[in-house]
Chemist: 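Please find one structure pasted underneath; my questions will follow.
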Amino acid sequence: TEARRRAVGHLMLQMKNDGVGLYEGILWKENEEKNWRAFMASRAEIFNLTKGWQTNIRDDLAAKAFLVKDRKELAGVPQYVLEDAALAARLSGYPRATTEAGPWKVHFDDAMMEPMLKHATDRTFREYIYGNRKRVAFLGGIGARDNTEILVKFFKLRIQKANILKYPTFADMAFVDKMATKKQVYAFLRRLRRESLPLARKEVQELRAFARERSGKEATIDHFDAAFWRERLLEDRFGLREDYIRPFFQFPVVLEALFALVHKLFGVDIKPEIGHQVWDEHVQTFRVRDSETGAMLGAFFLDAYRRRGKKKQGFWVQRIYDYSVALGVPREGPRLPAVHVVGDVQPPGADGKPAVMSMEQVAKLFHTFGGALRNLLCNQEEGLVSGTKGMEPDFQPLTPHLLERFAWDEHTIRSMSRHVQTGEVLPEAAIKTLAASRTFHGALRSLRRTMNAQVLLDLHEQWDPEGSVNIYDFSKMIEAEFSAILPRVEDHELCSLALHDEGFAGGAYADLWGEALAADVFTEFEAAGLDNDTALREVGLHYREAVLAPGGGRAPMNSLRDFLGRAPAFLPMMKHLGLADDKAAAPAADGDGESSAAYASAMPQGAIDYEQYQDVYEDDEDYIMYEGEEPEYDDAEEKDEEGFDEDNEPWNPTARQPPPDA
């Protein structure tokens, strides 16, 4: 079967990258023993460096947390953030800290950073917290909590490891288990940059003009200003204020709407299980059953509320175990999957009112539960490729992004908005505006994500640790190519990224790639009618059967062709990111001879001509190879702007200077 072939192939690839072939070689090749010993020494050192890397980040985050005693510094910060900061102060040894009088302890996790950068009116304060967050585990290149030395060693050891295994670069080694090829990803990121950068520059100009209008003087937009002025512009243009929207999203109602959506799409019932022993009073246990047969499909723990100082911050999912026939019990059938679903929702207040959420937190909850569905709705009998095991890392983000996209749909927003005090539904105008705000000023954020992916890809592909350009200068030169706002030389975010994880380090593009696939898949649900429950169920069950049920036992392109009836397309990603209108981003079915004419006639004046590009999702028998030709260039200047050298290879940032208008 395909699943068994993939399981064997996955194991063989793992063994190859673990150096099994080197060990075999020393039995009959004397010169292989040196490579074997060097490889094992590299693995051991990477393991030890990983511990130091994570410890430095954790310790520096704790060391950089600071106490605020003057309420004026926190002007504009929402009440719920002040409550969290006062709680953090009490946990840090200030038992009399209150929300109203302080003091307040500011931490650098997303739960505090995101709302503070969006709402704090003190620009100096925003600059301080932004700068400190971007310099976590960087102390000038030296120091007990500085990751610079470890960072350089990571790259040296990965190059050594890849070369011993006969890979040209570590990037080549990282792509052997991906859906995309390296060439595809370079084309993918290049196109995202081309289409996002002009709009991002316009967004910055608009923010600058709005800030000048509000302040009455010439305004500068820096990285720590963008989120603040975007929020003010959103309030001014659409009347959307977070303090108005947030009380409409009670956590219990949002959770109920999430489960109802999963029932509507995938035909499963999610019910709470009472009586299980759990580690906290707020942790809940749920069982998942098929709606038609009533058969048990799996179970999960939901640990939704923030417990500062007691659990890892953020929204995330972790599997406990996967579907397995071999590990099942004869009288009870296969072992069913189980997962942890962890949230970061502020706990209910002492007044007994339910916890409320921002729309961004709602989207994160949907995204996280999408990750859980990859395991819960899998029934792959080959245990080695069950759930996400053996699944290509850049295919894994598909379902989380798909469910997150549904969170922003008007029908979903309507179903989960109930005011915490009055029980009223969010007004219809506000629902439509909130749904539309998903893509408001989205080019700047898309460009930032694209830049991060390009930086890590080029570092692993092109940077020479023994060369004359240090790792920070190299990354800043790439950032300049992707920046609508000039990069800050004092920021060193590389030191706090998850670069100890080789999967992330070599595949940071994967989240964008999975989001592009999700945008295309979502068009199938749109075509069925988002208000047509029967049609949605039909499409959702097809998705469950084609994509979720096989887990890692089926090639991604086979699953997508089965579900879509065609190869996946890139164009819906542009609509999803707000870089194109609905018509311009509509995908064409295989064999649609009038697609070029349809796109050309549908495009408004000044829209991007997508037909000039080759689609990045070309495939061959291995479902991942890129066979398209590179776009033709009329002159050397245009060719240089696209970042390709004479041999059509990815650009080398050490050979050129940042453009003056970057």
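Residues take their numbers from the sequence shown, with the count starting at 1.
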Chemist: Starting from the C-alpha separation in whole Å, work towards a yes-or-no answer on side-chain contact (heavy atoms from CB on, under 4.5 Å) for Gln160 and Lys156.
Modeler: CA-CA 6 Å; Gln160 178 183 353; Lys156 288 182 178 179; over 6 Å; no
Chemist: What I want to find out is whether Arg306 reaches Asp344 closely enough, with some N-O distance under 4.0 Å, to be called a salt bridge.
Modeler: yes
Chemist: To the closest 0.5 Å, what do you measure between CZ (Arg158) and OG (Ser42)?
Modeler: 11.5 Å
Chemist: Of Phe154, Phe175, Phe155, Tyr509, which meets ring-ring contact (aromatic ring centres under 6.0 Å, His included) against His460?
Modeler: Phe155
Chemist: Would you mind checking if Lys182 and Asp172 are paired as a salt bridge, meaning a charged N to carboxylate O distance below 4.0 Å?
Modeler: yes
Chemist: Output yes when Asp60 and Arg145 qualify as a salt bridge under the 4.0 Å nitrogen-oxygen rule, no when they do not.
Modeler: yes
Chemist: Start with the C-alpha distance between Phe238 and Leu233, add both sets of side-chain angles, then the distance that settles side-chain contact (heavy atoms from CB on, under 4.5 Å), and finish with yes or no.
Modeler: CA-CA 8 Å; Phe238 300 110; Leu233 185 60; over 6 Å; no
Chemist: So do the side chains of Arg230 and Arg445 get within less than 4.5 Å of each other, counting heavy atoms only?
Modeler: yes
Chemist: State plainly whether the residues Lys153 and Glu149 are in salt-bridge range, i.e. N to O under 4.0 Å.
Modeler: yes
Chemist: Could you give the distance from NE2 (His500) to OG1 (Thr50), rounded to the nearest 0.5 Å?
Modeler: 6.5 Å
Chemist: Cut-off 3.5 Å, side chains only: do Tyr167 and Asn17 have a donor facing an acceptor?
Modeler: yes
Chemist: Under 6.0 Å from the six-membered ring centre of Trp316 and within 45° of its axis: does the NZ or CZ of Lys312 meet both?
Modeler: yes
Chemist: Any side-chain to backbone donor/acceptor pair from Asn147 onto Ala137? Under 3.5 Å, distance only.
Modeler: no
Chemist: Salt bridge check, Glu242 against Lys118: does any charged N sit closer than 4.0 Å to a carboxylate O?
Modeler: yes
Chemist: Cationic tip of Arg126 within the cone over Tyr128's six-membered ring, i.e. under 6.0 Å and within 45° of the normal?
Modeler: no
Chemist: For Ile164 and Phe39, which heavy atoms make the closest approach, and how far apart are they?
Modeler: CD1-N, 3.7 Å
Chemist: His119 and Pro78: which non-hydrogen atoms are nearest, and at how many Å?
Modeler: CD2-CG, 3.6 Å
Chemist: Taking Arg190 first and then Glu195, would you say they form a salt bridge - that is, a charged N and a carboxylate O separated by under 4.0 Å?
Modeler: no
Chemist: Got a donor-acceptor contact below 3.5 angstrom from the Asn470 side chain to the Asp473 backbone?
Modeler: yes
Chemist: Can you find a heavy atom in the side chain of Thr450 that is under 4.5 Å from one in the side chain of Phe188?
Modeler: no
Chemist: Are a donor atom and an acceptor atom from the side chains of Arg405 and His367 found within less than 3.5 Å of each other?
Modeler: no
Chemist: Within a strict 4.5 Å, meaning less than it, do heavy atoms of the Val489 and Tyr472 side chains meet?
Modeler: no
Chemist: Just so I know, are the side chains of Arg308 and Asp84 near enough to count as touching, which here means a heavy-atom distance under 4.5 Å?
Modeler: yes
Chemist: Could you tell me if Gln396 and Thr388 have a donor-acceptor pair between their side chains, going purely by distance under 3.5 Å?
Modeler: no
Chemist: With side-chain hydrogen bond (donor to acceptor under 3.5 Å, both in side chains) as the test, would you mind laying out the steps for Ser92 and Lys105 before giving the verdict?
Modeler: CA-CA 8 Å; Ser92 299; Lys105 187 71 172 290; 3.0 Å; yes
Chemist: For Leu497, is there any backbone N or O sitting under 3.5 Å from a side-chain donor or acceptor partner on Trp53?
Modeler: yes
Chemist: Given 3.5 Å as the limit, does a donor-acceptor pair link the side chain of Glu481 with the main chain of Ile478, or not?
Modeler: no
Chemist: Under a 4.5 Å cut-off applied to non-hydrogen side-chain atoms, are Val317 and Val342 in contact?
Modeler: no
Chemist: For Gly52, does its backbone N or O pair with a side-chain atom of Thr55 as donor and acceptor, under 3.5 Å?
Modeler: no
Chemist: Would Arg71 and Glu100 count as a salt bridge (charged side-chain N to carboxylate O under 4.0 Å, His left out) here? Give the steps.
Modeler: CA-CA 9 Å; Arg71 179 66 176 83; Glu100 295 74 20; over 6 Å; no
Chemist: Does NZ or CZ of Arg43 fall inside the cone over Phe47's six-membered ring, less than 6.0 Å from its centre and within 45° of the axis?
Modeler: no
Chemist: Please report the shortest heavy-atom distance between Phe125 and Val106, naming the atom on each side.
Modeler: CZ-CG2, 4.4 Å
Chemist: Would you kindly check if the NZ (Lys) or CZ (Arg) of Arg232 is within the cone defined by 45 degrees around the ring axis of Phe210 and under 6.0 Å from the six-membered ring centre?
Modeler: no
Chemist: For residues Asp59 and Asn56, is any side-chain donor paired with an opposing acceptor at under 3.5 Å?
Modeler: no
Chemist: I want to check a possible cation-pi pair here: Arg193 against Phe482, using under 6.0 Å from ring centre and within 45° of the ring axis as the test.
Modeler: yes
Chemist: Rounded at 0.5 Å granularity, tell me how far CG in Asp177 sits from CG in Asp394.
Modeler: 8.0 Å
Chemist: Which pair of non-hydrogen atoms, one from Met451 and one from Ser483, has the smallest distance, and what is that distance?
Modeler: SD-OG, 4.2 Å
Chemist: Any heavy-atom pair between the side chains of Asn163 and Phe170 that's under 4.5 Å?
Modeler: no
Chemist: Cut-off 3.5 Å, side chains only: do His223 and Asp491 have a donor facing an acceptor?
Modeler: no
Chemist: Quick check: closest heavy atoms across Ile159 and Pro465, and the distance to 0.1 Å?
Modeler: CD1-CD, 3.4 Å
Chemist: Is it true that a side-chain atom of Asn48 and a backbone atom of Ala44 form a donor plus acceptor pair closer than 3.5 Å?
Modeler: yes
Chemist: Should Leu456 and Leu494 count as side-chain neighbours, where that means a heavy-atom distance under 4.5 Å?
Modeler: yes
Chemist: Would you say Lys69 has more than 12 foreign heavy atoms packed within less than 6.0 Å of its NZ?
Modeler: no
Chemist: What pair of heavy atoms forms the shortest contact from Gly76 to Thr121, and how long is it?
Modeler: CA-CG2, 4.2 Å
Chemist: Check whether any side-chain heavy atom of Lys202 lies under 4.5 Å from a side-chain heavy atom of Glu206, and answer yes or no.
Modeler: no
Chemist: I'd like to know if the side chain of Ser437 reaches the main chain of Phe440, judged simply by a donor and an acceptor atom lying under 3.5 Å from each other, with no hydrogens or angles considered.
Modeler: no
Chemist: I would like to know whether Thr99 and Glu83 meet side-chain hydrogen bond (donor to acceptor under 3.5 Å, both in side chains); could you show each step before the answer?
Modeler: CA-CA 5 Å; Thr99 304; Glu83 292 174 1; 5.0 Å; no
Chemist: Just how far is it from atom CZ of Arg133 to atom CG of Leu117, taken to the nearest 0.5 Å?
Modeler: 10.5 Å
Chemist: Can you measure from CZ (Phe474) to CD (Glu479) and round to the nearest 0.5 angstrom?
Modeler: 11.5 Å
Chemist: Between Asn452 (side chain) and Arg449 (backbone), is there a donor-acceptor pair under 3.5 Å?
Modeler: no
Chemist: Using a 3.5 Å distance criterion without hydrogens, assess whether the side chain of Thr439 forms a donor-acceptor pair with backbone atoms of Gly442.
Modeler: no
Chemist: Going from NZ on Lys476 to CZ on Arg488, what distance comes out if it is rounded to the nearest 0.5 angstrom?
Modeler: 8.5 Å
Chemist: Look at Glu490 together with Arg135 and state whether they make a salt bridge at an N to O cut-off of under 4.0 Å.
Modeler: no
Chemist: Should the pair Arg241-Glu231 be classified as a salt bridge under the 4.0 Å nitrogen-to-oxygen rule?
Modeler: no
Chemist: Can you see whether Phe224 has Arg123 sitting over its ring - NZ or CZ less than 6.0 Å from the centre and within 45° of the normal?
Modeler: no
Chemist: Verify whether one side chain among Asp458 and Tyr186 offers a donor that lies under 3.5 Å from an acceptor in the other.
Modeler: yes
Chemist: Has Lys364 got a side-chain atom pairing as donor or acceptor with Gly343's backbone, closer than 3.5 angstrom?
Modeler: no
